[in-house]
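Read the structure below first, then the notes.
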Number of protein chains: 4
Amino acid sequence: MTPSPKTFENLPEEKRRRVLDEATVEFAEHGYHQASVNRIVDRLGIAKGSLFKYFGNKQGLFEHLFGRAVAGFKKPLKEIRDTSGLTFFERIERSLVAGCRFVEDHPQLYRIYLKMLFNENFPLRERFLGEIRGAHAKYLRRLIEDGIQAGQLPADLDTDTAVFTLHAVMDRFFQDHAVPPLDGEPSEPAALPDKARSLAEFLRRGLAATPSQE
Amino acid sequence: MTPSPKTFENLPEEKRRRVLDEATVEFAEHGYHQASVNRIVDRLGIAKGSLFKYFGNKQGLFEHLFGRAVAGFKKPLKEIRDTSGLTFFERIERSLVAGCRFVEDHPQLYRIYLKMLFNENFPLRERFLGEIRGAHAKYLRRLIEDGIQAGQLPADLDTDTAVFTLHAVMDRFFQDHAVPPLDGEPSEPAALPDKARSLAEFLRRGLAATPSQE
Amino acid sequence: MTPSPKTFENLPEEKRRRVLDEATVEFAEHGYHQASVNRIVDRLGIAKGSLFKYFGNKQGLFEHLFGRAVAGFKKPLKEIRDTSGLTFFERIERSLVAGCRFVEDHPQLYRIYLKMLFNENFPLRERFLGEIRGAHAKYLRRLIEDGIQAGQLPADLDTDTAVFTLHAVMDRFFQDHAVPPLDGEPSEPAALPDKARSLAEFLRRGLAATPSQE
Amino acid sequence: MTPSPKTFENLPEEKRRRVLDEATVEFAEHGYHQASVNRIVDRLGIAKGSLFKYFGNKQGLFEHLFGRAVAGFKKPLKEIRDTSGLTFFERIERSLVAGCRFVEDHPQLYRIYLKMLFNENFPLRERFLGEIRGAHAKYLRRLIEDGIQAGQLPADLDTDTAVFTLHAVMDRFFQDHAVPPLDGEPSEPAALPDKARSLAEFLRRGLAATPSQE
DNA sequence: CATGAATGAGCGTTCATTCAT
DNA sequence: TATGAATGAACGCTCATTCAT
């Protein structure tokens, strides 16, 4: 009856991993409401009651699972932010590659994130998305400010708009990297590093010139 | 078993509109699978059997409703494509505004589109997304080619990448226009026309320079 | 609201025939309860209300349709009963052939009859089956009595048992003629006339000897 | 989606029996499609979900229930086939009695079998009927061959026709034993043993003479 | 602590029948 | 007279959740 998250923590590491992995796949494939606790326990071969003992209910399971993942969404950013001796555009390029790497390494988590983006009924959506977006915005703002200070970006750049645009373009870059194109679409115009460099160059030009050059 | 779309066509205009509006709201709020035919008919105050007479089944209802919408997605593009005497960037700017106008006029349809984007289980997803994306890609390609011919874009521009980037940025522009920002986020940095001009200018710079200028 | 069978009688002959034929096929394929009035009117291309005006309700339609058919079930018997100059076994043989001819000419009606046989929920089952069986029993009894009088059957034959047995065997003969054998079964060991003669011969021997001959 | 027949096997014997009995009655009374899972669970006083956990779906319930019955259809035959020291006709007589006993002991299963006979839409019909008919045909063929070897049947008997005829007559014998005669029909001309002996004698004569004696 | 049988509201869907036009 | 839109009970089935063992 009590959620008792202690129970789950006491499980052997291997089993804990399997439980979370299987559940992640289910949520990634079906979203939250269409995900079926029945299917999860069936695939795991454990009793239904056990899962509810561990996490209280479906939402508890999701919260546990995705809460741990949120940290993962932030990690690649930190590593790059702490690099020194790189220009703004090199950092953007590395961010693109690092983000794609994360998407490749944790495709299921990214699929959940994408489903959560536009599904207002996803539980804890506000909290999780807020955390992720906040971290990314903060990261990008920091990068831009560093870039301005280093003279790599025009001093009169509108930081808010730049954050928005960078965020938008980069997010979309990851999306296209993760989601298989529809049938018949021209897929994979180039390999990842080339695509990243190409986009970084594009952004460089977009941001570099002073807006008053008109 | 008896789809009989005739039945629906024979209904008085006002009722037809109410049915489609209510159903659209339901799909917009809950996506496809979580949308409830029960809720729809309850809100409409009609019998469940009636809805199934009109559209055969849930998917038929969705197909009818969203199929009509797809045409709406394409219309604003056509109008701009047929303008003459405008530069490439003026056209992009108008596209952004027109797209936002559509999103504002049909917020529920756009919400459905967004939910469909990352939910692989959405029925008819491939068909509808393919149609929409195809139309947009074709439209953008045309714009870019016109721009090159008019000397407003560099002749050696990689058209494929340009289409991809334009599409990505514009799509995201509409998304941010449509989806209310999460609590506490800095919302609405600027009014629509300013945002559109600002982004168009950004894209102008990104595309204008020749990539070989390095 | 009123059944108003007059309405149907006033229809042009051709339309009346189509309505009954289509309905007969539906009942033959699905039995009574699984038969769908929707499907019938769809195939006919007439309004649902019309059918209910004609026959009041589903049962009225079935009653009309099968009531007319019952006469058909009796007709072949009468023709043979009125033959003279034929022996008992020749008459049996002709009955078998005539019955098979009827089954071939009206396969849908016979399928309905077979479905009715063991489905107690068929409406009007008692009345229709009673009529058909009664006519057949009366017919067979007459044949047997004629046969005894003509010295073609033993005088001490138990008429009741003979009627039962004849009825059973002949009915089954028609069933096997009508119902396609299951996959892989040895079908069609012989053509109809041979089968009929063979069975008549078998019955001849079964009935001919006096039971006391042991 | 989770058939899980384990669940049902784990139930206490008494409950398992009640569930199957109640379901059998429902199918016997209404056939497959008109049988109502709702009615079954209402009579049982259990939740609807439980039944679906046990058998996956309606067809699974029917398959379980009737699959077990099919074995029962074959058992009485085996016992007689393995008797020795009995003549062909004694074996036929015993078969008739044993078959009737089975029909009396399991009237609901036999009613299902009869409904299945002429209802082409019965699920699993081909499989179940094929199994039953196959076993019976094999059994009768064996009996006839034994009878020929023992000199109790003419050596030149057409085995195929004999199997068909025996099968037809015996099947019909059971049917008349099981199905209550229609109102007003002369019922029960004799008790079972007498009827069986009488029919066996009839068959003896039908088969005994050589067909060439004409 | 794990189990898994039980629950019952909810789902999408079908149907014979009614009745205003 | 013919129409066909409207009805709503019933269908087979799924689900997250509970709790006695």
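In this text, all values refer to a predicted model and were calculated from it rather than measured experimentally. Chain letters run A, B, ... following the sequence lines, proteins first, then strands; residues in each count from 1.
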Protein-nucleotides 6-8 of chain F N/O pairs under 3.5 Å:
residue	atom	partner	partner atom	Å
F/dA6	OP1	B/Lys15	NZ	2.3
F/dA6	OP2	B/Tyr54	OH	2.1
F/dT7	OP2	B/Ala47	N	2.8

Next item on the list: Sequence neighbours left out, what passes side-chain contact (heavy atoms from CB on, under 4.5 Å) with C/Thr24? Give chain and number order.
Entry: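 Scan of C/Thr24 (side-chain contact (heavy atoms from CB on, under 4.5 Å), adjacent residues dropped) gives C/Leu65, C/Gln108, C/Leu109, C/Ile112.
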Check: What residues form a side-chain contact (heavy atoms from CB on, under 4.5 Å) with B/Gln59, not counting sequence neighbours?
Finding: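 B/Gln59 satisfies side-chain contact (heavy atoms from CB on, under 4.5 Å) with B/Tyr32, B/Asn57, B/Pro123, B/Leu124 only.
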For [X], enumerate each residue passing the side-chain hydrogen bond (donor to acceptor under 3.5 Å, both in side chains) test, keeping only those at least two apart in sequence or located in another chain.
{"X": "B/Lys48", "answer": "B/Asn38"}
{"X": "B/Asp21", "answer": "B/Arg17"}
{"X": "A/Arg68", "answer": "none"}

d([atom1], [X]; [atom2], [N]) in whole Å:
{"X": "A/Phe8", "N": "E/dA2", "atom1": "CZ", "atom2": "P", "value": "11 Å"}
{"X": "A/Phe55", "N": "E/dC1", "atom1": "CZ", "atom2": "C1'", "value": "15 Å"}
{"X": "D/Phe52", "N": "E/dG12", "atom1": "CZ", "atom2": "C1'", "value": "14 Å"}
{"X": "B/Ile40", "N": "E/dG12", "atom1": "CD1", "atom2": "C1'", "value": "11 Å"}
{"X": "C/Leu44", "N": "F/dA2", "atom1": "CG", "atom2": "P", "value": "14 Å"}
{"X": "D/Asp42", "N": "F/dA9", "atom1": "CG", "atom2": "C1'", "value": "14 Å"}
{"X": "B/Asn57", "N": "E/dC15", "atom1": "CG", "atom2": "P", "value": "14 Å"}
{"X": "B/Gln59", "N": "E/dT13", "atom1": "CD", "atom2": "C1'", "value": "14 Å"}

Check: Listed by chain and number, what are the salt bridge (Lys or Arg N to Asp or Glu O under 4.0 Å) partners of B/Glu29, not counting sequence neighbours?
Finding: none
Item checked: Whether A/Glu26 side chain and A/Ser36 backbone form a donor-acceptor pair below 3.5 Å ->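 Yes.
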Checklist line | Aromatic ring proximity A/Tyr54/A/His64, centre distance under 6.0 Å | finding: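 Aromatic pair excluded; centres sit 6.0 Å or further apart.
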Next item on the list: Could you summarise the pairing of DNA chain E as dot-bracket text, marking Watson-Crick and G-U pairs under 3.5 Å with ( ) or [ ] inside the strand and | across strands?
Entry: .||||||||||||||||||||
Margin query: So, using ring pair (Phe, Tyr, Trp, His ring centres under 6.0 Å) as the criterion, who are the partners of B/Tyr113 when residues are at least two apart?
Written below: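 Scan of B/Tyr113 (ring pair (Phe, Tyr, Trp, His ring centres under 6.0 Å), adjacent residues dropped) gives B/Phe73, B/Tyr110.
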Margin query: Restricting to ring pair (Phe, Tyr, Trp, His ring centres under 6.0 Å), what partner residues turn up for C/His30, sequence neighbours left out?
Written below: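 C/His30 satisfies ring pair (Phe, Tyr, Trp, His ring centres under 6.0 Å) with no other residue.
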Check: Within the pair D/Asn10 and E/dA5, is there a side-chain N or O less than 4.0 Å away from OP1 or OP2?
Finding: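 For E/dA5, OP1/OP2 do have a side-chain N/O of D/Asn10 under 4.0 Å.
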Item checked: Interface with DNA chain F, restricted to residues 28-39 of chain D and to heavy atoms under 4.0 Å ->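 Within residues 28-39 of chain D, the residues near DNA chain F are D/Ala35, D/Ser36, D/Val37, D/Asn38.
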Next item on the list: Sequence neighbours left out, what pairs pass salt bridge (Lys or Arg N to Asp or Glu O under 4.0 Å) with at least one residue falling in residues 107-118 of chain C?
Entry: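 Applying salt bridge (Lys or Arg N to Asp or Glu O under 4.0 Å) to every pair that reaches into residues 107-118 of chain C, excluding sequence neighbours, yields C/Arg111-D/Glu120, C/Lys115-D/Glu120.
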